[in-house]
Amino acid sequence: MEHLIKITFPDGKDKQYTTGTTAEIALKDFDKGLLKNVVAAQLNERYIDLSFPLNEDGLIKPVTIDSKEGLAIYRHSASHVMAQAVKELFDGVKVTIGPSIEDGFYYDFDSPRPFTPEDLGKIEKRMLEIIKKNMPFERSEIEKKVALKLFGDMGEIYKQELINEIPEDKVSIYKQGGFFDLCRGPHLPATGWIKAFKLTGIAGAYWHGNEKNKMLQRIYGTAFPTKQELEDYLYKIEEAKKRDHRKLGKELDLFSISDDIGSGLVCWHPNGAVVRSLIEDFWKKEHYKHDYKIIYTPHIAKVDLWKTSGHWEFYRENLYSPMDIEGQDFIVKPMNCPFHIQIYQSQIRSYRDLPIRYAELGTVYRFERSGVLHGLLRVRGFTQDDAHIFCRPNQLEDEIASVLNFTLYILRSFGFNNYDIYLSTRPEKFVGALDNWTKAESALKNALEKTGLPFQVDPGEGVFYGPKIDIKIKDMLGRAWQCSTIQVDFNLPQRFTVAYRGEDGKEHQPIMIHRALMGSLERFFGVLIEHYAGAFPLWLAPVQVIALTITEKNNDYAREVYDRLRKENIRVELDIRNEKLGLKVREAQLKKIPYMLVIGNSEEEKQVVAPRTRIGATLEPMSVDEFIGLVSKESKPNSAG
RNA sequence: GCCGGCGUAGCUCAGUUGGCAGAGCAGCUGAUUCGUAAUCAGCAGGUCAAGGGUUCGAUUCCCUUCGCCGGCUCCA
């Protein structure tokens, strides 16, 4: 029964249509020229196909290919095309789900035989054929019962499971050619709209992401509106590979992880150790400035300590087995907190003593499953830049605020200016007083708001012992790595009966804050390497300057320059090998040394040096003193380069 | 841990349908004394990840283990 509906356009104007008019027709009235970039429409809050018949009043908006949603729809359609290709090519394959993701899309299949890299080529070829046929994506709605039978008859058990999870009575189905799939949509009008795609990988993935379920075969792919954009993306991936810290770690001789030593255990080579020790020096200096006390604690402790802390009970999976020492069980430490508590408890503490801030670069060991290890970013032994603050409840907010500012200061000092910040609040299971939780959460929130930085609240995602702020640094591969964490803890003070003597002469329980600014030195170093592509800023560069002679006639003068820079604590090397300048420059360049000093007859005569930057610029020759001034000026945290 | 791929010289990688293991770079030796990303020549370098099996013969085929890579899962 047709009647009139009122459709409003984004510019506020409206028009009446008879019901059943498609979104496409309405959008054409709004803006004819726009339409070629439009892949779908949005009616009120709902995303719909262009062919969707309008049946109610509402605000319609075009969804263009250059929007986030538009691209997701485009890629989702590509995943359907892939599923069709796979179904056509391989017998006995069951389909499951195929969403769009950040950089593309995937589809999970239950296949009697795993896919091979060669299969990808075949699938791509078939996809091209499907695209060439330009088959429309046709939507239909059917009763759930009908859908169950339809998919059941085809043996699509996963689809049946999905249908059963849908609360509505009707489900929608999208069909292109002979292939149809349970899908909410929307989709592109037809397969021919897909202009550029590539299948990028095969991987196992558990059904519903649960490792107890069957492992499915996932095929990853990506799609872009134009071939150029696809090529740019693939180029970017290649470029990102060049920044991989594992590759650069080898090339620049920064660190190694040896099979003979064990997976996930890092050896810092001299070059990496220079960077680490500079980070540590900076870290210590800043901690003293911020009124922390630096401490050192042992690497192993009696297992009872971890029973008291609760780690033995809750995180047994990640702890290494005990070792017997004169009949007592010891374990290698997975955390530093119990030690810090012991130091706190070595004396009676007064309310006047608080806050007490203990900081330690504490090396801890945790068992990580072999499949998750990843270069420096996920290891089994690592050094936390850990600290524990013991404070009175009324000091909490100030402490949190200063920790947060301290964290951001440190991250910015290393050139990290982009982060994702999360505030995780009280989970269902928790310890501590509700009142304390509320106060702690608002303390964290207030502190975050004062920074003016955007953050996301993760309700219920806090740890059982307290709410927390996590800061993730984004690396050049687009991966977000959790580094900084600030956690309030009501649990450990209770378990260890940590106390201070209050103004009232009675015992009170302090609140503990755990915090790590860089997280672990290993992970932070890994992120740092990728961030700078191995070209560390001057203050962190393992070698800051290299003096390159032209012939051995210049050796004495070069040595003099070298000695003078050494005396100024500049990390300088001398290359007096009997090699051509071109070779020396190339090698220094590959080592990403910030400054090369070319030293030949003319420099020697004028008693100057001719600096060349690793970017390839040659500076005007200058005196050694001038150069020393230049280096010391640029060699500071958070300076560019 | 699970799924898939891979493991050949210090590094990057060829290769063997099962028959004495190859290159470039790096290293060493010698020559070259040179101006901003590779001077030339020679030499040396390997239990083909480890263990087991099939075979007259295995780096190659099969099994197991270890490690790495891409994901999944996990991550106080």
Side-chain angles (χ1 to χ4, degrees), chain A residues 101 106 108 110-111 113-120 200-220 241 244 246-247 250-251 253 256-264 306 309-319 334-335 337 364 366-375 377-380 384 462-466 468 470 481-482 485 487 489 491-492 514 516 519 523 548-555 576-591 596-603 610-614 616-619:
Chain A
I101 51 173
Y106 68 79
D108 284 348
D110 183 1
S111 168
R113 154 182 98 75
F115 298 115
T116 64
E118 293 78 60
D119 291 338
L120 291 188
T200 51
I202 311 159
Y206 299 107
W207 169 236
H208 277 319
N210 187 331
E211 64 181 314
K212 290 193 182 79
N213 290 342
K214 183 164 187 187
M215 182 158 278
L216 307 170
Q217 294 288 314
R218 176 172 296 178
I219 301 179
Y220 283 97
K241 274 188 196 157
D244 191 311
R246 294 165 299 187
K247 183 175 147 68
K250 201 179 276 177
E251 284 172 7
D253 198 15
S256 63
I257 297 170
S258 148
D259 301 355
D260 297 331
I261 293 169
S263 299
W306 309 102
S309 73
H311 292 113
W312 186 250
E313 192 185 340
F314 292 113
Y315 306 114
R316 186 84 175 264
E317 295 293 294
N318 294 299
L319 305 185
M335 294 201 120
C337 0
V364 298
R366 299 177 189 177
F367 171 72
E368 301 282 1
R369 301 206 273 177
S370 58
V372 307
L373 300 173
H374 182 94
L377 300 177
R378 192 73 183 272
V379 293
R380 286 178 174 161
Q384 290 182 308
V463 199
F464 71 92
Y465 54 71
K468 61 170 182 173
D470 289 326
W481 286 100
Q482 185 177 326
T485 183
Q487 309 184 348
D489 187 346
N491 183 47
L492 284 184
H514 307 250
R523 175 178 289 185
L548 313 175
T549 52
I550 300 214
T551 80
E552 61 189 22
K553 290 198 275 290
N554 312 116
N555 284 3
I576 54 171
R577 289 175 304 163
N578 176 16
E579 295 290 352
K580 287 185 170 179
L581 183 63
L583 181 86
K584 295 184 182 184
V585 167
R586 176 182 156 80
E587 290 188 353
Q589 191 77 45
L590 291 175
K591 288 188 205 159
M596 301 167 213
L597 296 180
V598 175
I599 294 174
N601 289 338
S602 78
E603 286 76 21
R612 178 195 206 275
T613 70
R614 65 182 157 197
T618 46
L619 307 184

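Chain A is the first sequence line, chain B the second, and so forth, proteins listed ahead of strands; every chain is numbered from 1.
Atom CG of A/L597 and atom P of B/U36 are 16 Å apart (whole Å). Atom pair A/D253:CG and B/G10:C1' shows a separation of 11 Å (rounding to whole Å applied). Note: CG (A/N601) to P (B/C34) measures 9 Å, nearest angstrom. Rounded to whole Å, atom C1' of B/U12 lies 15 Å from atom NZ of A/K241. If you take OH of A/Y315 and P of B/C75, they are 9 Å apart, rounded to a whole angstrom. As rounded to whole Å, 19 Å separates atom P of B/G1 from atom CZ of A/R316. Atom-to-atom, CG of A/N210 to P of B/C72 comes out at 15 Å; the value is rounded to the nearest Å. Atom NZ in A/K584 sits roughly 12 Å away from atom C1' in B/U36 (whole-Å rounding).
Distances from the side chain of A/R612 to the nucleotides B/C3, B/U36, B/A76 place B/U36 closest. Here the nucleotide nearest the side chain of A/K250, chosen from B/U36, B/U32, B/C11, is B/C11. The listed nucleotides are B/C34, B/A76, B/G4; the one nearest the side chain of A/H311 is B/A76. Set against B/A76, B/A37, B/G1, the side chain of A/E211 has B/G1 as its closest nucleotide. Which of B/U39, B/U36, B/C3 sits closest to the side chain of A/V585 comes down to B/U36.
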Within the sub-3.5 Å range, which N or O atoms of nucleotides 40-46 of chain B have a protein N or O partner, and how far apart are they?
none

Might you list the N or O atoms of the protein lying below 3.5 Å from N or O atoms in nucleotides 64-71 of chain B, with each pair's distance?
unit_1: B/G67; atom_1: O3'; unit_2: A/S263; atom_2: OG; d: 3.3
unit_1: B/G67; atom_1: O2'; unit_2: A/D259; atom_2: OD1; d: 2.9
unit_1: B/G67; atom_1: O2'; unit_2: A/D259; atom_2: OD2; d: 3.1
unit_1: B/C68; atom_1: OP1; unit_2: A/S263; atom_2: OG; d: 3.2
unit_1: B/C69; atom_1: OP1; unit_2: A/R246; atom_2: NH1; d: 3.1
unit_1: B/G70; atom_1: OP1; unit_2: A/R246; atom_2: NH1; d: 3.3
unit_1: B/G70; atom_1: OP1; unit_2: A/R246; atom_2: NH2; d: 2.8
unit_1: B/G70; atom_1: OP2; unit_2: A/R246; atom_2: NH1; d: 3.3
unit_1: B/G71; atom_1: O3'; unit_2: A/Y220; atom_2: OH; d: 3.1
unit_1: B/G71; atom_1: O2'; unit_2: A/Y220; atom_2: OH; d: 3.3

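Position along RNA chain B of the nearest nucleotide to A/A610 versus A/E579 favours A/A610 as the more 5'-ward residue. Between A/T551 and A/Q487, the residue anchored nearer the 5' end of RNA chain B, judged by the nucleotide with its closest heavy atom, is A/T551.
Taking atom P on both B/G18 and B/C61, the two are 7 Å apart, rounded to the nearest angstrom. Straight-line distance between the C1' atoms of B/G24 and B/G67: roughly 26 Å, to the nearest whole Å. The P atoms of B/A31 and B/C68 are separated by 45 Å, rounded to the nearest whole Å. B/U60 and B/C72: their C1' atoms are spaced 32 Å apart (whole Å). Atom name C1', nucleotides B/G7 and B/U59: the rounded distance is 12 Å, in whole Å. Using atom P as the reference point in both B/A50 and B/A44, the two lie 24 Å apart (nearest Å). Nucleotides B/A38 and B/G46, compared at atom C1', are 27 Å apart to the nearest Å. Taking the C1' atom of each, B/C48 and B/G15 are spaced 11 Å apart, rounded to whole Å.
Within the 4.0 angstrom heavy-atom criterion, base atoms lie near A/I550. Nucleic acid contact class of A/Y465 (heavy atoms, under 4.0 Å, all strands): sugar-phosphate only. Contacts of A/S602 with the nucleic acid, taken as non-hydrogen atoms under 4.0 Å apart, include base atoms. The residue A/G209 sits close only to the backbone: its heavy atoms come under 4.0 Å of sugar-phosphate atoms, none of a base. Nucleic acid contact for A/E368: none, since no nucleic acid atom lies under 4.0 Å from a heavy atom of the residue.
Between the side chain of A/R369 and the base of B/C72 there is no donor-acceptor pair of N/O atoms closer than 3.5 Å. Put simply, the side chain of A/E603 and the base of B/G35 share a donor and an acceptor less than 3.5 Å apart. A/R586 contributes no side-chain N or O that forms a donor-acceptor pair with the base of B/U36 under 3.5 Å.
To the nearest 0.5 angstrom, A/N213 atom CG is 11.5 Å from A/D110 atom CG. From A/I550, atom CD1 reaches atom CG of A/N601 across 7.5 Å, with rounding to the nearest 0.5 Å. A distance of 4.5 Å separates CD1 of A/I219 from CZ of A/F115, quoted to the nearest 0.5 Å. Rounded to the nearest 0.5 angstrom, A/K214 NZ and A/D108 CG are separated by 12.5 Å.
The main-chain N or O of A/G600 is found under 3.5 Å from a side-chain atom of A/E603 such that the two form a donor-acceptor pair. At distances below 3.5 Å, not a single donor-acceptor pair connects side-chain atoms of A/R612 with backbone N or O atoms of A/M596. A/R378 contributes no side-chain N or O that, together with a main-chain N or O of A/L373, makes up a donor-acceptor pair within less than 3.5 Å. Checking side-chain atoms of A/R380 against main-chain N and O of A/E368 turns up a donor-acceptor pair under 3.5 Å. Judged purely by atom type and a 3.5 angstrom limit, A/T485 has no side-chain atom pairing as donor or acceptor with the backbone of A/A516. Checked by atom type and distance alone, the side chain of A/S256 never pairs as donor or acceptor with a backbone atom of A/S258 at under 3.5 Å. Between the side chain of A/T116 and the main chain of A/D119, a donor-acceptor pair closer than 3.5 Å is present. Side-chain N or O atoms of A/R246 include none that pairs as donor or acceptor with a backbone N or O of A/H374 at under 3.5 Å.
Here B/U64 sits opposite B/A50 as a Watson-Crick or G-U wobble pair (both hydrogen-bonding atom distances under 3.5 Å). Pair assignment for B/G4: B/C69, on the basis of Watson-Crick or G-U wobble contacts that are both within less than 3.5 Å. Pair assignment for B/C43 gives B/G27, based on Watson-Crick or G-U wobble hydrogen-bonding distances that are each under 3.5 Å. Figure legend. B/C13 is base-paired to B/G22; pairs are counted as Watson-Crick or G-U wobble with both atom distances under 3.5 Å.
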Working note: A/K584 + A/T549, criterion side chain to side chain contact (heavy atoms under 4.5 Å, CB included); need CA distance, chi angles, decisive distance, verdict. CA-CA 9 Å; A/K584 295 184 182 184; A/T549 52; 3.0 Å; yes
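Contact between the side-chain N/O atoms of A/K212 and the OP1/OP2 oxygens of B/C2 is not found at any separation under 4.0 Å.
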